[in-house]
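Note sheet for the following structure.
Side chains included, hydrogens not; waters and symmetry mates left out as well; all remaining heavy atoms used. Here, residue 1 is the first one in the sequence, and each next residue gets the next number.
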Amino acid sequence: MKIVVLDGFSANPGDMSWIALEEMGDLTVYDRTPAEETVARAADAEIVLTNKVVIGRREMEQLPHLRYIGVLATGYNVVDIAAAHEHGIIVTNVPAYSTESVAQMVFAHLLTVTNRTEHYAQENRDGRWSRNPDFCYWDAPVHELAGKTFGIVGLGNIGQRVAQIALAFGMKVKALTSKSAHQLPQGIEKVGLEELLSSADILSLHCPLTDDTRHLINATTLAQMKPTAILINTGRGPLVDDADVAQALQANRLHAYCADVMTEEPPKADNPLLRCTNAYITPHIAWASVEARIRLMDIAIANVRAFLIGHPQNVIGGGN
């Protein structure tokens with residue numbers, strides 16, 4: 001049984017072990033795989049694991065031995081599911097492994113804006129507090145989160161966890177969700193998009209990327225938000241129009257944009273958001289805590305094991 005991991009570095013840069021997969025077959029792990037080398041590296045493999053390397057119809061047609069694709073992530077847009085079904089290939093993903101880590105990143109970003117701890121720590125390393133005539137100083141107003149309205153787009157596992165934390169901070173939580181009002185946990189109010197945009201002091205995006213949600217945040221929807229609002233995106237980069245958000249920030253029509261995801265990753269150096277002083281961008285690391293990556297590896301390996309014994313789990317498509 002030949003097993004190939006096409007881009008293992010992100011999930012396991014060397015601080016974990018692939019030994020459990022080695023025990024299941026002839027394993028080859030590549031840190032990264034350029035698109036043009038995908039077929040050559042996966043040749044003769046029956047099992048392929050991928051994170052961001054695309055396996056589409058063209059690749060499947062050139063990999064006649066391929067029986068299983070394990071996506072090392074929750075999102076599986078890198079695999080052509082329809083083609084996998086036609087070729088009898090099982091496709092699995094790793095659901096809900098990063099919920100706690102992503103929710104934590106949402107509030108790390110939010111507190112970066114409201115409390116600016118990194119800014120003051122650096123100022124004081126440079127001696128500013130030691131030179132200050134008063135016992136304290138601040139460069140911008142400090143606001144409490146309690147009492148603010150926290151808006152959420154999408155109430156899946158991560159959206160609901162974020163809502164719980166927001167409630168613990170004493171915030172009012174409103175959500176745009178396909179769930180009915182009676183399905184929502186206590187303390188979450190179901191609202192429409194217009195009300196969510198106009199009332200949110202903080203707006204956090206947790207919905208899937210679809211034709212309907214692509215560029216959900218654009219010049220029109222930004223104009224409906226408070227100019228003091230903080231926008232947070234740990235969902236998918238294209239949920240926002242980068243240029244429109246940058247323009248809103250530069251014109252003081254949006255207080256801050258916090259993102260762990262970008263439309264293109266890595267972003268081009270001329271992306272306008274990278275030049276905005278009130279844009280706070282982290283390099284898609286919300287999912288990457290040690291604990292979340294351990295869960296990812298454990299579930300991914302369990303998915304392979306379940307496939308080999310004939311009882312595949314976390315199947316998202318493919319197979320006959």
Distance-only side-chain donor-acceptor flag, [X] / [Y], under 3.5 Å:
X: Glu46; Y: His65; result: no
X: Thr92; Y: Tyr76; result: no
X: His206; Y: Ser204; result: yes
X: Gln224; Y: Thr221; result: no
X: Arg41; Y: Thr33; result: yes
X: Asp260; Y: Asn233; result: no

Side-chain touch Val91/Val315, heavy atoms, less than 4.5 angstrom:
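The answer is no, as the side chains (C-beta and beyond) never meet within the 4.5 Å cut-off.
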Report yes if some heavy atom in the side chain of Val53 is under 4.5 Å from a heavy atom in the side chain of Val78; otherwise report no.
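SC-SC contact between Val53 and Val78 ruled out.
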Side chain to side chain donor-acceptor pair (under 3.5 Å) for Asp7 and Asn51? Distances and angles first, verdict last.
CA-CA 6 Å; Asp7 54 345; Asn51 187 330; 5.3 Å; no
With a cut-off of 6.0 Å (strictly less than), are more than 12 heavy atoms of other residues, nucleotides or ligands near [atom1] of [X]?
X: Glu144; atom1: CD; value: no
X: Lys179; atom1: NZ; value: yes
X: Gln104; atom1: CD; value: no
X: Arg293; atom1: CZ; value: yes
X: Glu194; atom1: CD; value: no

State yes or no: do [X] and [Y] share one hydrophobic cluster built from I, L, V, M, F, W and Y residues joined by side-chain heavy-atom distances below 4.5 Å, directly or via other members?
X: Val48; Y: Val71; value: yes
X: Leu308; Y: Val5; value: yes
X: Ile230; Y: Leu273; value: no

Hey, are [X] and [Y] close enough for a salt bridge, meaning a charged N less than 4.0 Å from a carboxylate O?
X: Arg58; Y: Asp80; result: no
X: Glu86; Y: Arg57; result: yes
X: Glu291; Y: Arg295; result: no

Once you round to the nearest 0.5 Å, how far does CG of Leu205 lie from SG of Cys258?
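Separation between the atoms: 11.0 Å.
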For residues 116-134, which residue pairs pass the salt bridge (charged side-chain N to carboxylate O under 4.0 Å, His left out) check, not counting sequence neighbours?
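Every pair satisfying salt bridge (charged side-chain N to carboxylate O under 4.0 Å, His left out) with a residue in residues 116-134: Glu123-Arg128, Arg128-Asp139.
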Measure from the side-chain N and O atoms of [X] to the backbone N and O of [Y], and report whether any donor-acceptor pair falls under 3.5 Å.
X: Glu37; Y: Pro34; result: no
X: Thr210; Y: Thr213; result: yes
X: Lys174; Y: Thr149; result: no
X: Asn93; Y: Gly75; result: no
X: Asp244; Y: Ala248; result: no
X: His109; Y: Met105; result: no

With a 3.5 Å cut-off and sequence neighbours excluded, list the donor-acceptor pairs that the side chains of residues 18-28 form with protein atoms.
none

Could you report the tightest heavy-atom contact between [X] and [Y], atom names first, then the distance?
X: Lys190; Y: Ala181; answer: CD-N, 3.8 Å
X: Val261; Y: Gly237; answer: CG2-N, 3.4 Å
X: Ala73; Y: Leu296; answer: N-CD1, 4.0 Å

Where does the angle between the aromatic ring planes of Phe150 and Phe107 fall among parallel (under 30°), tilted (30 to 60°) and perpendicular (over 60°)?
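Plane angle under 30°, so parallel.
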Under 6.0 Å between ring centres: does that hold for Tyr120 and Tyr137?
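Centroid distance Tyr120-Tyr137: below 6.0 Å, so yes.
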Side chain to side chain contact (heavy atoms under 4.5 Å, CB included) partner of Leu6, chosen from Leu49, Thr38, Val54:
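With Leu6 as partner, Leu49, Thr38, Val54 yield a single side chain to side chain contact (heavy atoms under 4.5 Å, CB included), made by Thr38.
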Among Leu203, Leu239, Asp241, side chain to side chain contact (heavy atoms under 4.5 Å, CB included) partner for Ile217
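Of the listed residues Leu203, Leu239, Asp241, the side chain to side chain contact (heavy atoms under 4.5 Å, CB included) partner of Ile217 is Leu203.
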